[in-house]
Q: 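Just passing along the structure, written as structure tokens.
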Amino acid sequence: MHLDATDLSESEIRLQQEVREFLAERLPPGSYDVGLGMTGASDPQFSRDLGARGWLGMSLPPEYGGGGRTAVERLVVVEELLAVGAPVAYHWIGDRQSGPNIAANGTEEQKRALLPGIASGELSFSIGMSEPDSGSDLASLRTRAERVPGGWRVNGTKIWTTGAAQATHILALFRTSDDRHHGLTQFIVERDLDGLTVSPIPFIDGTREFCELAFEDVFIPDEMVLGEVGAGWGQNTAELALERGGVDRWMSLMAVLDHWARGGWGPLGAAATADAGQITARCWAFRGVSLAIARMVDSGKSPSIEAALAKEMATRFEQDCVEIVTRHYGRTPDLTSDDPYESLLARAILVSPSWSIRGGTVEILRNIVSKGLAQA
Amino acid sequence: MHLDATDLSESEIRLQQEVREFLAERLPPGSYDVGLGMTGASDPQFSRDLGARGWLGMSLPPEYGGGGRTAVERLVVVEELLAVGAPVAYHWIGDRQSGPNIAANGTEEQKRALLPGIASGELSFSIGMSEPDSGSDLASLRTRAERVPGGWRVNGTKIWTTGAAQATHILALFRTSDDRHHGLTQFIVERDLDGLTVSPIPFIDGTREFCELAFEDVFIPDEMVLGEVGAGWGQNTAELALERGGVDRWMSLMAVLDHWARGGWGPLGAAATADAGQITARCWAFRGVSLAIARMVDSGKSPSIEAALAKEMATRFEQDCVEIVTRHYGRTPDLTSDDPYESLLARAILVSPSWSIRGGTVEILRNIVSKGLAQA
Amino acid sequence: MTSQDVDPSFAPLMAQFFREQSPPERVSAAEQRDLDESLWAQVTEMGLPLIGVDEALGGSGGTIGELLVVLAAAGRACAPVPLAETAAASWALARTGARVSGDLLTVVPGDPRDTLTVTDGVANGVVHDVPWARVATCAVTVLTTDHGPVLVAIPLESASVRTGYDLARQPKDRVSIDAVRVGVSPWPGASDELMARLTLLRGALMAGALEEVADLTRQYVGERVQFGRPVGRFQAVQEHVVRLEQQATLALLAVNRAAAATEVNPSALEVKLMKLITNEGARLAVRAAHQAHGAIGMTQEYRLQLLTRRLNSWLGEVGTSADLAEAIGAAATEHGIARLITSSAGTMEQA
Amino acid sequence: MTSQDVDPSFAPLMAQFFREQSPPERVSAAEQRDLDESLWAQVTEMGLPLIGVDEALGGSGGTIGELLVVLAAAGRACAPVPLAETAAASWALARTGARVSGDLLTVVPGDPRDTLTVTDGVANGVVHDVPWARVATCAVTVLTTDHGPVLVAIPLESASVRTGYDLARQPKDRVSIDAVRVGVSPWPGASDELMARLTLLRGALMAGALEEVADLTRQYVGERVQFGRPVGRFQAVQEHVVRLEQQATLALLAVNRAAAATEVNPSALEVKLMKLITNEGARLAVRAAHQAHGAIGMTQEYRLQLLTRRLNSWLGEVGTSADLAEAIGAAATEHGIARLITSSAGTMEQA
């Protein structure tokens, strides 16, 4: 596997500078809930402000309100947001994956109806994928959409759907026939449909973003099928594949790391400085990987194996970082502390096990990579 | 899984003291080649001296020259030997596994002929098990012993047989029928039989203890079959099973660790001291495990799952220790250095990958443990 | 006498008691309050926190071995009561000859930020991260004075408590003491013996929790089916299961060996070795158990998180790995590793 | 211009050259001698060590990118010749305006034990672990003087060399210098630029070796059958294969990024970042590759050990992980991690 070294162009550096200036002004320290990467706070106004700047839906086509910009440009924006733990949850899924998926597979009507709202930060998407008996094994999904006149009737349960309570839309994968892989179809589900009940499942840190979705005879009209009926497995796989190489896979703890490294909890001793050096080197390496993958996407390639390779090590690394910083913190941090970074470290200890599960467990990713390598 | 806490009795402490005094006198610093645990130097005279003290074949029956002592007493002797990197290679295999195997499965004649020589340190055993196409997968062994009048004719090749060049005997596993598991039989092979060629395979550190054994129409008389014909798989498994919990599985680097920790290469800084503390804690924990397992053996139990559990983590730990000490050493050590500990660290870097392979790879051990736990 | 000598029927009895009286729902409910008074009433009625304290001084009698069995069972069930703290503080008071009352007590764990001073029986200063302080009647600590170590008993009704929490939402409070008259008694041992006792009891809680995490995970991966077979059949999942069994086994063995060592020397180095082994075991086990469980382990509906949040809290308290490694390392560089680990229980000197 | 811009036909050409001219048997044989003179003659005839040095000064012309391609190919084949050392030393001499000769040269890597001093053009002292010193005509080093940094060229025929070896039995000698007249020239850059160059070239050798270890292991586990199927089908072995591919990919990317950064700043922090990543990659890769290979990897008959012994040597030389982590950590604590890693190539300040 080979990744070409690449660096930011002058225009990309200008964009980076603009984002930094915007964030310094828009999110001065103490003015917002610092978050853990992509699970930062949900702040619709902040999302709309980003949209107004043209920093959401950046790679979506301009004719649907998108920016028509590159994957690298999106990376430049995203890494600045994650570096400060910005409140990105409201727009995150729509910007990262639902938007590009709809742009690639949606009908003209769907694109016109949804992409402008994603790019402006008005719409919030959530993913309805896992079920109680299907975690990693999506082919065993059972929530069924049955044909009825003019559309589909859905019954079943989706779980572990992050952000569904706040979302305007859910991009869901339902079974439309018994064929394990070819019997799955993606649907765009409006969040307030009759028969759809969203119940929070309290998460390990006490937050309530993780939801269960109960579908009881929910009617979904034909025009909300995304892509081909029966093509959901492939669309879903493609949706997951490329996003695995993003900076969000290794930047979850960045706001805490920086606070610690810069002496926010006091100057670092020799051992802590060396650990900060090791962490910095790996962040530097992963940033090079994410940037190289984004360039490949911009040049029309599909670096899905590369992305899986990156995510497998990046999520383990993030977890290592939590352990290292906690060791240097010197005591168990308090989730209820007045110090936002202590509280954030406490939250990271609790939620970090999920980092190597979401978006494909490390075991699944290793399987993808070894199969990819065997075919190479 | 539960291991009872146990400590040495007064008589065991006296034995420990005796061994320490003997070694202080018999192996003063600088008088011997310090070794890496069970792969220490081969010194037949040293082995005979241990035999004369009653410290070989300790658990063998007294009527065959053994000590009739306990597994814990053997542990007390062995850990003192390994702690100083004593030259144990000549008697190691015979004392650890061939002797007990012959005592358990041998004929009266075999016991009379061989056990006294094992207990006195005169005989040196080696294990003829692996073959080019059978590393971990012993059921695929192909070296065949065919019935001929009065005995067996053997053809085939064994590899990775440590110490065969110096051994007086080889305890080998041959195929005597096509049944994968029940077609294997153990034989006691005299090292100088006609048709048996022993060729060293240079090891990664340049040593020549690793051998290939070529059997060409080697005749082995019936009385050298060990145990039942066709029972070799079970005997071999039992032979491996209990020894996995021994102190040799985590003491390979002990002589180097102690030299480093006691400031032989200069006083330890804060980070090194903390690493020494972590290593000491794990050694203390593993010593408790080995001692508890030895007590179980003495009380008639068969702690084979416990032993596999211990070896899986112990051998990974030994490898971690090599990395940690090397990092603190501060430069790549030289195998040809005048400093015996530098040279030993260099050797450890090269050979340590074999520690998690010999006696069952970590992957095999995990399988044994998970099956054992599932049945529990 | 150590846990090895405990009546074999006692452990199953305690396991059953806590399993029945401290089910997951009750543990979760207790997290929203300061204390499960009803459970605390049960355990004090049974005299559990006063095991290991002489009956002549108001204790329940019994051995440290029995007390550790109780704590391991409580750890398995995440029992939301201050058993370890009350037991350690009561033991300390009894060591000075005081009668124990069965009151809810706690121990000042000691923190670099602490500023406690005692002059002429009057205390001033702040102590941090005191477990359960808000519901305890008294917190004890050993201070070193010109006349040797003394046990100080701080009545908490006279102190001001600022509430804080550990990761399992158990109370861990900051206590400000402003000219409070305290009990001061000569301490008949080394100044670190109280911390050693508390550490040992915490270790037993952790060992119990580690065993439960291992059992729960083994059961889960045997039942959870993905890709047509139980996930426990996958090599990667087997690795997690093996890791959990290893760490649970090491931790419980370490607790029992450390307990035996304290019979010889109440502040034996083995207590530090035990806590370091148990801390590291907890760290590895939390990761392995969650990875084996997948998303279900991340929800509060499922009880794995009750255990892992406690383990994550306890490994950063009453002996952190960094402090322990430094202290043990100092002893190792002085005596050598091999001699240190082969010496008999309770005979190792600290550096 | 970096390796990204190298003519695409050049890398396969170099790979083929070293594969053919430095087969495992030849590498093994060279370990019993001081130098494979014949291979060295071939590579010098092709001008490989002088790539990146201006033709006007006797060099071969070409770019650092091309030189790194050569070194990665040499690393893949474990070529037993001092390419990196001669290339770095020749580049250094040329930077002072000297003509280069194509002689076998080396660089003093710098060691805390070194005692070298130069007064009025005469050198005294001892330098350690100098690669290939016994067969080199000259060793160079940059010293800091009152008048700024100078390049010192030590003629080795006048020095006494005590032989030593790295783990791949490559020469690594101690050089004693007793009143030897040396060349001294003003050094037109920062004093650490020579070490940065050598580090970059070593990194390229390591990245090449890491790729070969990954390829070799992938091939082996696809062919080796145990328990009725290729071992590469086992999840535990897949983990090793993935680890190897990750570390090889990270290392080569890091080398190329560091090279680009040195175009902007010859002693860019990226060189240290690269070496740390590559060291750690080597450490992980050696372990994973041997575990995946089992006993066969431990024998000298099989070529894995040629690669792993070199990686084990190189990760402890010309920038150890401990030193690098400390230096990078100092920069991180000053500038912050996020700003440091998102800054453009060659613009990071060292702390």
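Lettering follows sequence order; numbering is per chain, from 1.
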Q: What's the separation between atom CG in Asp133(A) and atom CZ in Arg224(C), rounded to the nearest 0.5 Å?
A: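 Answer rounded to 0.5 Å: 6.0 Å.
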
Q: Is chain A contacted by the side chain of Val231(C), its backbone, both, or neither, given a heavy-atom distance below 4.5 Å?
A: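 Val231(C) has no heavy atom closer than 4.5 Å to chain A.
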
Q: Using non-hydrogen atoms only, which part of Thr308(C) is less than 4.5 Å away from chain A: side chain, backbone, both, or neither?
A: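 Looking at Thr308(C), just its side chain touches chain A.
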
Q: Quick one: does Arg287(C)'s side chain get under 4.5 Å of Glu323(A)'s, heavy atoms only?
A: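 Side-chain contact under 4.5 Å: yes.
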
Q: Tell me which of these, Gly297(C), Gly294(C), Gly228(C), Ala322(C), has more heavy-atom pairs under 4.5 Å with chain A than the rest.
A: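 Among the listed options, the one with the most contacts to chain A is Gly294(C).
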
Q: Considering non-hydrogen atoms only, spot the tightest contact between Leu350(A) and Arg309(C) and give its length.
A: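 Looking at all heavy atoms of both residues, the shortest contact is CD2-CG, 3.2 Å.
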
Q: Would you mind checking which part of Leu306(C) comes under 4.5 Å of any heavy atom in chain A, side chain (CB onward), backbone (N, CA, C, O), both or neither?
A: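 Looking at Leu306(C), nothing touches chain A.
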
Q: Quick check on Asp339(A): does its CG atom have over 12 non-hydrogen neighbours (other residues, nucleotides or ligands) under 6.0 Å away?
A: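 It does: Asp339(A) CG has more than 12 such atoms within range.
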
Q: Measuring heavy-atom distances to chain C, does Arg316(A) have an atom under 4.5 Å in its side chain, in its backbone, in both, or in neither?
A: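 It is both, since atoms from each part get that close.
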
Q: Give a yes or no on this: more than 12 heavy atoms of other residues, nucleotides or ligands lie within 6.0 Å of atom NE2 of His182(A).
A: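 No, NE2 of His182(A) has 12 or fewer neighbouring heavy atoms, counting only those of other groups under 6.0 Å.
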
Q: If the threshold is 4.0 Å, N to carboxylate O, is there a salt bridge linking Asp334(A) and Arg174(C)?
A: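 Salt bridge between Asp334(A) and Arg174(C), a charged N being under 4.0 Å from a carboxylate O: no.
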
Q: Among Ile296(C), Thr163(C), Thr320(C), which has the most heavy-atom pairs under 4.5 Å with chain A?
A: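 The candidate making the most pairs under 4.5 Å is Ile296(C).
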
Q: Which bit of His240(C) is near chain A, if near means a heavy-atom gap under 4.5 Å: side chain, backbone, both or neither?
A: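 The side chain, not the backbone.
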
Q: For Ala346(A) and Leu167(C), which heavy atoms make the closest approach, and how far apart are they?
A: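 Heavy-atom minimum between the residues: CB-CD2, 3.5 Å.
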
Q: Distance alone, cut at 3.5 Å: any donor-acceptor contact between the side chains of His290(C) and Gln319(A)?
A: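 Gln319(A) and His290(C) do not have a side-chain donor-acceptor pair below 3.5 Å.
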
Q: Quick one: OG1 on Thr361(A) to CZ on Phe234(C), what's the gap to the nearest 0.5 Å?
A: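 Separation between the atoms: 10.0 Å.
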
Q: Counting only heavy atoms from other residues, nucleotides and ligands, does the tally under 6.0 Å from CZ of Arg233(C) exceed 12?
A: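 No - once you tally the heavy atoms of other residues, nucleotides and ligands closer than 6.0 Å, there are 12 at most.
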
Q: Check Glu363(A) against Ala236(C) and note the closest heavy-atom contact, atom names and distance.
A: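 Smallest interatomic distance, heavy atoms only, reads CG-CB, 3.4 Å.
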
Q: What part of Arg113(C) gets within 4.5 angstrom of chain A, counting heavy atoms only: side chain, backbone, both, or neither?
A: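 Contact with chain A involves the side chain of Arg113(C) alone.
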
Q: How far apart are the closest heavy atoms of Gln291(C) and Ile357(A), and which atoms are they?
A: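 Smallest heavy-atom distance, with atoms named: OE1-CG1, 4.2 Å.
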
Q: So, for Thr332(A) and Glu317(C), which heavy atoms are closest and what is the spacing to 0.1 Å?
A: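 Heavy atoms only, the tightest pair is OG1-CG, 3.8 Å.
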
Q: Below 4.5 Å from any heavy atom of chain C, which atoms of Asp338(A) appear? Answer side chain, backbone, both or neither.
A: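 Interface part for Asp338(A): side chain.
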
Q: Does any backbone or side-chain atom of Phe210(A) lie under 4.5 Å from a heavy atom of chain C? Answer side chain, backbone, both or neither.
A: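 For Phe210(A), side-chain heavy atoms alone lie under 4.5 Å from chain C.
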
Q: Tell me, for Ser321(C) versus chain A, whether the close heavy atoms (under 4.5 Å) come from the side chain, the backbone, both or neither.
A: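 No part of Ser321(C) comes within 4.5 Å of chain A.
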
Q: In terms of heavy-atom pairs under 4.5 Å with chain A, which of Arg283(C), Arg169(C), Glu301(C), Gln305(C) leads?
A: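 Looking at each option in turn, the highest pair count goes to Arg283(C).
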
Q: Would you mind checking which part of Leu138(A) comes under 4.5 Å of any heavy atom in chain C, side chain (CB onward), backbone (N, CA, C, O), both or neither?
A: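 Leu138(A) has no heavy atom closer than 4.5 Å to chain C.
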
Q: Identify which part of Asp111(C) has an atom lying under 4.5 Å from any heavy atom of chain A, answering side chain, backbone, both or neither.
A: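 Contact with chain A: side chain only.
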
Q: At their closest point, which heavy atom of Pro353(A) faces which heavy atom of Met298(C), and how far apart are they?
A: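 Where Pro353(A) meets Met298(C) most closely, the heavy atoms are CB-SD, 3.8 Å.
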
Q: What I'd like to find out is whether the side chain of Ile201(A) reaches to under 4.5 Å of the side chain of Tyr302(C), using heavy atoms alone.
A: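 With C-beta onward as the side chain, the pair stays apart.
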
Q: Need one label for Thr336(A): side chain, backbone, both or neither, based on atoms under 4.5 Å from any heavy atom in chain C.
A: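 Just the side chain, heavy atoms under 4.5 Å.
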
